[in-house]
A.B. asks: 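Have a look at this one before I ask anything.
Heads up: numbering here begins at 1 and tracks the sequence. Just so you know, these numbers use all the heavy atoms, side chains as well, and skip hydrogens, waters and symmetry mates.
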Amino acid sequence: MHARLHLRQSAAALATALAAIGAGTFLAIHPAIAQDAYPSKPIRLVIGFPPGGAADTIARIYGEALSKELKQPVVVDNRPGAGTTIAADYVAKSPADGYTLYIGGASLMGGDNALYKNLRYTAGDFTPVTQLTTAPLLLVAGKASGIKTTADLLQKAKQSPGALNYSSSGNGVVTHLAGVHFVKMAHITMTHVPYKGGAQSGQAVAAGDAQVSFATPASVQPLIDAGKLTPIAVTSARRSTVMPNYPTIAESGVPGYELNNWYGLFVAKGTPAPIVQQLHSASVKVLREPAVRKQLASRGEEAAPSASPDAFRTFATREGKLNVDLIAQSGANID
């Protein structure tokens with residue numbers, strides 16, 4: 001009797017042990033089952049500019065749509081300063097779990113390190129997910145400047161070398177480099193005045209502290225609508241599909257001039273590939289929504305999702321090299 005009881009207990013214990021081993025093996029093979037499905041909590045969307053500029057506008061339009069698609073809050077986190085490097089450093093040091101996203105541009109892919117020698121991150125600390133938007137910059141002038149065309153700007157700059165100021169949203173960012181490119185190709189001299197964001201840069205031109213700016217359309221459209229800035233030309237090689245009424249700088253006196261601005265989505269290196277792919281798929285879906293495209297177009301931005309994360313990596317790497325080259329031309333260097 002006791003022997004049979006002992007055998008039953010041993011068999012039960014063995015069955016329990018085998019069941020536990022089997023469950024452990026299953027979870028090891030399928031780790032996602034042991035975790036909450038992504039996303040299971042709010043997502044932080046970090047940008048390196050203050051409210052009011054293009055990156056902020058894009059982040060809020062895209063973030064709202066992404067929140068609906070992923071069914072979790074997407075909170076825009078503005079961390080301006082040091083030419084977006086404060087925000088980028090924060091994301092690079094964040095957990096690689098898909099809950100901290102970064103909206104950045106070409107400067108992240110090498111330009112930051114060319115400009116700031118003591119950064120604690122490189123492009124390799126990020127995983128590209130997808131391009132979000134593309135747009136030319138918009139050359140604008142203050143009403144008091146008397147500049148209404150590219151020809152006016154060239155004439156005034158040649159008459160008084162260095163007397164004209166052009167503002168930007170920070171040293172080494174695209175709105176600065178567009179001016180560097182323009183000055184070189186037009187064979188003129190102007191003085192660069194950096195600000196902490198696109199909205200502040202546009203306000204400086206409206207106030208007369210600078211005469212012109214190569215600005216993101218979203219950052220200056222409110223000032224254009226208010227009659228405080230004069231839009232002159234776009235920086236793309238061809239007229240913009242979302243701003244067709246503005247001539248190009250190339251057709252207005254500086255042949256061959258071209259520079260486009262784009263924003264993309266990045267996450268910290270090491271973020272699991274399924275999460276990267278999920279973010280890519282969700283982003284492509286929301287960027288194809290007519291309402292989202294219309295909102296972006298009203299701010300001069302064209303939705304431009306990448307075919308895949310790998311395709312975006314290739315594009316961003318190429319654009320990063322151009323960014324480094326323009327920084328070298330500018331002579332800018334910040335310790």
Side-chain angles (χ1 to χ4, degrees), residues 38-51 53-67 70 72-133 169-174 196-198 216 261-280 282-283 286-287 305-306 309-310 312-313 315-317 319-320 323-324 334:
Y38 174 85
S40 60
K41 62 181 181 180
I43 295 170
R44 186 183 301 272
L45 183 58
V46 180
I47 58 173
F49 295 100
D56 180 71
T57 299
I58 292 166
R60 294 182 189 282
I61 294 171
Y62 164 73
E64 181 179 358
L66 186 66
S67 175
L70 296 180
Q72 286 290 342
V74 175
V75 182
V76 176
D77 185 355
N78 300 85
R79 292 177 178 260
T84 72
T85 61
I86 291 174
D89 183 74
Y90 173 80
V91 175
K93 303 299 188 296
S94 296
D97 57 7
Y99 289 99
T100 304
L101 316 181
Y102 181 68
I103 290 184
S107 64
L108 186 68
M109 302 302 291
D112 288 349
N113 296 97
L115 190 64
Y116 297 86
K117 301 305 180 185
N118 298 315
L119 290 185
R120 297 176 295 172
Y121 67 83
T122 68
D125 291 316
F126 298 87
T127 296
V129 179
T130 182
Q131 185 176 347
L132 298 176
T133 63
S169 52
N171 276 307
V173 300
V174 66
K196 290 185 177 181
T216 54
N261 184 43
W262 57 269
Y263 289 102
L265 186 69
F266 299 84
V267 292
K269 174 186 176 182
T271 300
I275 291 179
V276 173
Q277 187 57 53
Q278 186 175 348
L279 285 169
H280 174 270
S283 297
V286 302
L287 289 171
S306 303
D310 283 343
F312 178 48
R313 180 187 295 277
F315 167 80
T317 300
E319 289 286 299
N323 189 258
V324 171
I334 301 173

A.B. asks: Sort and list the pairs that fulfil side chain to side chain donor-acceptor pair (under 3.5 Å) and have at least one residue in residues 264-278, not counting sequence neighbours.
C.D. replies: Gln277-Ser281
A.B. asks: Which atom names give the shortest non-hydrogen contact between Asn323 and Gly111, and what distance separates them?
C.D. replies: OD1-CA, 3.2 Å
A.B. asks: Restricting to side-chain contact (heavy atoms from CB on, under 4.5 Å), what partner residues turn up for Pro42, sequence neighbours left out?
C.D. replies: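 With neighbours one apart ignored, the set is Gln72, Pro73.
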A.B. asks: At what distance, to the nearest 0.5 angstrom, does OH of Tyr38 lie from CD1 of Ile43?
C.D. replies: 3.5 Å
A.B. asks: Which heavy atom in Gly172 sits nearest to a heavy atom in Leu115, and how many Å separate them?
C.D. replies: CA-CD2, 3.4 Å
A.B. asks: For residues 81-94, which residue pairs pass the salt bridge (charged side-chain N to carboxylate O under 4.0 Å, His left out) check, not counting sequence neighbours?
C.D. replies: Asp89-Lys93, Asp89-Arg120
A.B. asks: With sequence neighbours excluded, tell me which residues meet side-chain contact (heavy atoms from CB on, under 4.5 Å) with Pro272.
C.D. replies: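 Per chain and number, Pro272 pairs via side-chain contact (heavy atoms from CB on, under 4.5 Å) with Pro274, Ile275.
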A.B. asks: Quick check: closest heavy atoms across Pro305 and Leu287, and the distance to 0.1 Å?
C.D. replies: CB-CD1, 3.9 Å
A.B. asks: Of the non-hydrogen atoms in Gly83 and Asp112, which two are nearest, and what is the gap between them?
C.D. replies: O-OD1, 4.2 Å
A.B. asks: If every non-hydrogen atom of Val46 is compared with every non-hydrogen atom of Ala87, which pair is closest and at what distance?
C.D. replies: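 So the two residues come closest at CG1-CB, 3.7 Å.
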A.B. asks: For Tyr121, is there any backbone N or O sitting under 3.5 Å from a side-chain donor or acceptor partner on Asn113?
C.D. replies: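 Checked: pair present.
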A.B. asks: By the side chain to side chain donor-acceptor pair (under 3.5 Å) test, which pairs, at least two apart or in different chains, include something from residues 75-85?
C.D. replies: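 Only Arg44-Asp77, Asp56-Asn78, Arg60-Asn78, Asp77-Arg79 qualify under side chain to side chain donor-acceptor pair (under 3.5 Å).
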A.B. asks: Over all heavy atoms of both residues, which pair between Gly197 and Phe49 is shortest? Give the atoms and the distance, please.
C.D. replies: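 For Gly197 versus Phe49, the nearest heavy atoms are CA-CD2, 4.4 Å.
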A.B. asks: Any donor and acceptor pair, going by atom type alone, linking the side chain of Thr317 with main-chain N or O of Arg313 inside 3.5 Å?
C.D. replies: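 It does hold such a pair.
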A.B. asks: Just jot down the side-chain contact (heavy atoms from CB on, under 4.5 Å) partners of Thr133, sequence neighbours excluded, or say none.
C.D. replies: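 Listed in chain order: Ile58, Tyr263, Leu296, Glu301.
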A.B. asks: Can you sort out the partners of Val174 under side-chain contact (heavy atoms from CB on, under 4.5 Å), two or more places apart, ordered by chain and number?
C.D. replies: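 Applying side-chain contact (heavy atoms from CB on, under 4.5 Å) to Val174 gives Leu137, Leu259, Asn261.
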A.B. asks: Among residues at least two apart in sequence or on other chains, which ones pass ring-ring contact (aromatic ring centres under 6.0 Å, His included) with Phe312?
C.D. replies: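 For Phe312 the ring-ring contact (aromatic ring centres under 6.0 Å, His included) partners, ignoring immediate neighbours, are Trp262, Phe266.
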A.B. asks: Output side-chain donor-acceptor pairs under 3.5 Å for residues 95-103, partner residues at least two apart or in another chain, one line each.
C.D. replies:
from: Asp97; atom 1: OD1; to: Tyr99; atom 2: N; distance (Å): 3.1
from: Tyr99; atom 1: OH; to: Ser40; atom 2: N; distance (Å): 2.8
from: Tyr99; atom 1: OH; to: Ser40; atom 2: OG; distance (Å): 3.2

A.B. asks: If you measure from CG on Leu279 to CG on Leu66, what distance do you get to the nearest 0.5 Å?
C.D. replies: 7.0 Å
A.B. asks: In residues 123-130, what donor-acceptor pairs under 3.5 Å come from side-chain atoms, sequence neighbours left out?
C.D. replies:
from: Asp125; atom 1: OD2; to: Thr122; atom 2: N; distance (Å): 2.9
from: Thr130; atom 1: OG1; to: Ser306; atom 2: N; distance (Å): 3.0

